[in-house]
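Structure first, commentary second.
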Amino acid sequence: MPHDQPASAPGPAPADASDHDPAEAPFLGLLATGAAAEEYERPVLRARAGGAAAARLAALERAKLLALRVRTELEDRRRREAELSALYATAHDLAGLRDLDAVLRAIVRRARSLLGTEVAYLTLNDPAAGDTYMRVTDGSVSARFQQLRLAMGEGLGGLVAQTARPYVTDSYFHDERFRHTRTIDSGVRDEGLVAILGVPLLLGSGVIGVLFAADRRERVFEPGQVALLAAHAAHAAVAIDTANLLAETRKTLTELEAANEIIRDRSAVIERASDVHDRLTELVLRGGGVQDVADAVAEVLDGDVEFTEPGRAPAAALDRSRTDGHAVRDGADWVAAVRAGEEVLGALVLRGHPALDPVDQRTLERAAMVTSLLLLARRTAGEAEQRVRGELLDDLLDAAARDPRLLRERAARVGADLDAPHVVLAARMSGARISDGDGPPRPDGTDRRRLWSAASHLAATRHGLAAVRDGGAVLLLPLDPDGDPAHTAREIAARLGTALHVPVTVGASSPVPAPAARPAAVADAYAEARRCREALCALGRAGQGAAAADFGFLGLLLADTRDVDGFVHRTLGPVADYDARRGTELLRTLGAYFACGMSPARTKDELHVHVNTVAQRLERVGRLLGPDWQSPARALEIQLALRLHQLSAAVTRETEE
């Protein structure tokens with residue numbers, strides 16, 4: 001301690017030890033303990049209260065944002081793992097069941113759980129009677145319903161059993177697609193069912209029964225739910241087949257001692273197939289992906305297994321596999337269709353393995369089934385994220401009074417930063433349109449879904465938001481501080497057009513500095529973007545992208561902000577800059593030229609100069625503004641810019657005086 005300083009006087013504040021710690025350190029602890037999102041603000045607040053340096057605060061802010069992003073990713077993964085666990089719990093349970101009744105009860109119970117319906121039931125075909133009968137129900141309360149039998153083609157279930165295709169109705173008694181009978185309708189009415197989804201239980205190309213999920217109120221079953229129940233039914237059919245085979249094996253063992261060796265071999269085949277199936281199920285439950293399944297099957301079959309998109313797989317073999325429900329041989333290769341109901345998602349191709357016994361063939365088929373479940377789960381997760389992004393943008397457009405803090409938190413969950421500058425873009429497809437009769441053409445539902453899907457994918461890759469609005473799509477995308485909305489509009493129009501194979505017209509707004517701070521500005525920006533988009537269509541420029549700045553003086557009418565100075569600079573900037581550098585009078589000459597009816601002779605009298613001087617100055621103006629500067633459209637813009645420039649100069653002089 002210095003001698004001239006009293007002992008009681010405080011010395012210089014010691015450096016906070018935390019100033020020397022990595023900025024990420026406090027957030028790693030929060031991540032490790034699974035702290036709530038609001039806890040991540042505290043290290044920054046403590047540092048600010050402690051007087052930390054600006055660089056330290058900036059580093060903590062960056063570390064906080066990174067930690068929140070990691071936290072969001074972890075939560076998303078945990079959610080996906082929970083969804084996969086719920087989806088594949090069925091596979092694990094069924095693989096361990098050997099009794100047919102237990103298998104059927106598990107199938108129906110899991111179907112009801114997966115779709116969240118009030119009732120689920122299963123019917124099996126009776127080949128001897130030529131009809132289908134109720135076998136197992138879950139959630140049913142009517143004895144008459146539980147004893148129903150349906151002839152082929154009668155009711156929704158009979159139609160599914162007859163056609164081997166899924167059928168769904170959101171209001172059973174108002175649906176005329178299938179044949180109603182008094183017996184069936186009475187049973188359904190006793191049970192109180194309204195919305196019913198039925199999918200076939202297929203073994204090969206044959207139907208062994210129908211699996212249903214139903215509610216006692218009107219409900220729309222989404223295509224993804226139909227595909228999910230169809231995939232579950234396909235898995236259930238294999239489990240039923242396995243249970244039946246085991247029962248047949250046990251019966252044969254007791255009745256045919258002479259066939260003991262054959263039965264033992266058959267049993268070994270079934271057990272081997274079950275073991276392979278368990279291995280695939282365990283792999284998926286651990287979080288494996290499509291490539292992991294292909295690698296595992298390649299190891300088991302001692303070959304090269306590859307997942308291919310539908311367009312890259314051998315078309316004829318893929319169609320045969322889809323129709324038969326089995327892996328089929330294609331030269332020296334084997335092809336197993338990966339499908340969800342009637343939708344083909346791709347194929348598993350086993351290469352260079354022409355000889356394949358039935359066990360290995362079944363292994364390849366089950367791997368294809370597991371792959372289809374993975375792809376469906378991935379699609380479901382992607383659609384859920386798209387909905388979250390769309391709902392957030394809808395709230396920004398429709399509810400200007402939303403709490404900015406909640407908006408920021410919701411945006412952070414999908415990787416968006418609503419405190420950064422953004423641009424709003426209004427997009428609409430310019431082709432593939434239909435007519436409402438008296439009204440103008442509009443995109444049909446399929447086109448709107450395609451546009452929304454492409455816009456959502458584009459927004460997700462750029463950490464933005466997208467939603468469907470007014471027959472088109474609206475995007476909210478980050479914009480660099482020095483970014484150009486017009487360039488962004490042209491880029492988005494080109495990328496959406498390439499993705500959809502039709503022209504897409506895109507209008508862009510002026511930059512929105514911080515959407516979370518001023519949600520109302522997003523709605524105003526969307527209105528401006530729509531005006532720009534409609535102006536493009538009116539000017540015959542459909543399929544392009546533009547912002548207000550691209551329309552010259554029309555941009556002053558389209559934009560919410562009247563950027564007069566920007567318009568004057570864009571129109572006369574090269575001439576004004578030349579005058580400033582050279583001390584010339586090109587602007588004055590240009591004003592006199594238009595005031596004199598574009599007559600050089602009258603202009604020279606107005607300026608009291610030689611006519612050659614006027615010609616030389618106008619030639620210089622042409623080089624600065626371009627050869628078309630005297631065309632009617634350009635001349636109109638230049639004259640308007642000159643008037644605005646003169647008004648601005650007059651106002652400036654009056655203010656200075």
Side-chain angles (χ1 to χ4, degrees), residues 482-490 493 507-508 510 528 531-532 534-657:
D482 56 349
D484 180 10
H487 174 75
T488 302
R490 289 189 289 272
S510 302
E528 177 183 338
R531 290 195 294 270
C532 291
E534 298 308 319
L536 282 171
C537 295
L539 295 173
R541 295 170 57 187
Q544 301 181 23
D550 292 322
F551 294 96
F553 71 91
L554 289 176
L556 297 177
L557 304 176
L558 296 173
D560 285 328
T561 57
R562 304 293 185 256
D563 186 12
V564 175
D565 291 340
F567 168 69
V568 172
H569 180 73
R570 288 191 299 272
T571 307
L572 299 176
V575 178
D577 292 343
Y578 189 88
D579 279 350
R581 292 195 309 269
R582 303 293 182 90
T584 54
E585 295 186 336
L586 296 184
L587 278 180
R588 180 167 173 260
T589 302
L590 195 56
Y593 177 67
F594 283 116
C596 295
M598 302 176 71
S599 170
R602 293 169 59 187
T603 303
K604 62 99 175 173
D605 294 336
E606 175 71 19
L607 297 176
H608 305 290
V609 298
H610 195 275
V611 68
N612 289 341
T613 301
V614 174
Q616 291 170 359
R617 291 179 180 177
L618 293 179
E619 181 182 358
R620 174 63 64 182
V621 168
R623 286 199 295 270
L624 292 171
L625 297 183
D628 64 336
W629 71 278
Q630 296 190 74
S631 66
R634 288 290 307 280
L636 178 61
E637 288 192 359
I638 293 170
Q639 291 180 72
L640 178 59
L642 284 169
R643 291 293 182 91
L644 293 174
H645 176 69
Q646 293 165 359
L647 288 173
S648 176
V651 170
T652 301
R653 286 195 301 271
E654 183 177 346
T655 302
E656 291 176 350
E657 292 174 357

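A quick note: this is a predicted structure, and the numbers were derived from the prediction, not measured.
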d(Leu618 CG, Met598 CE) to nearest 0.5 Å is 9.0 Å
Smallest heavy-atom separation, Leu624 atom then Pro574 atom, equals O-CB, 3.8 Å
Nearest heavy-atom contact between Ala493 and Gly543 is CB-O, 4.3 Å
Apply the test side-chain contact (heavy atoms from CB on, under 4.5 Å) to residues Asp484 and Arg490: give CA-CA distance (whole Å), side-chain angles for both, the deciding distance (0.1 Å), then the verdict.
CA-CA 10 Å; Asp484 180 10; Arg490 289 189 289 272; 4.2 Å; yes
Quick note, side chain to side chain donor-acceptor pair (under 3.5 Å) partners involving residues 579-588, not counting sequence neighbours, are Tyr578-Arg582, Asp579-Thr584, Glu585-Arg588
Applied to residues 603-618, the side chain to side chain donor-acceptor pair (under 3.5 Å) test, sequence neighbours excluded, yields Thr589-Arg617
Heavy-atom nearest pair, Ala508 first then Pro485, reads CB-O, 3.5 Å
Arg623 meets the side chain to side chain donor-acceptor pair (under 3.5 Å) criterion, sequence neighbours left out, with Glu619
When every non-hydrogen atom of Glu528 is compared with those of Ser510, the smallest separation belongs to OE2-OG, 2.9 Å
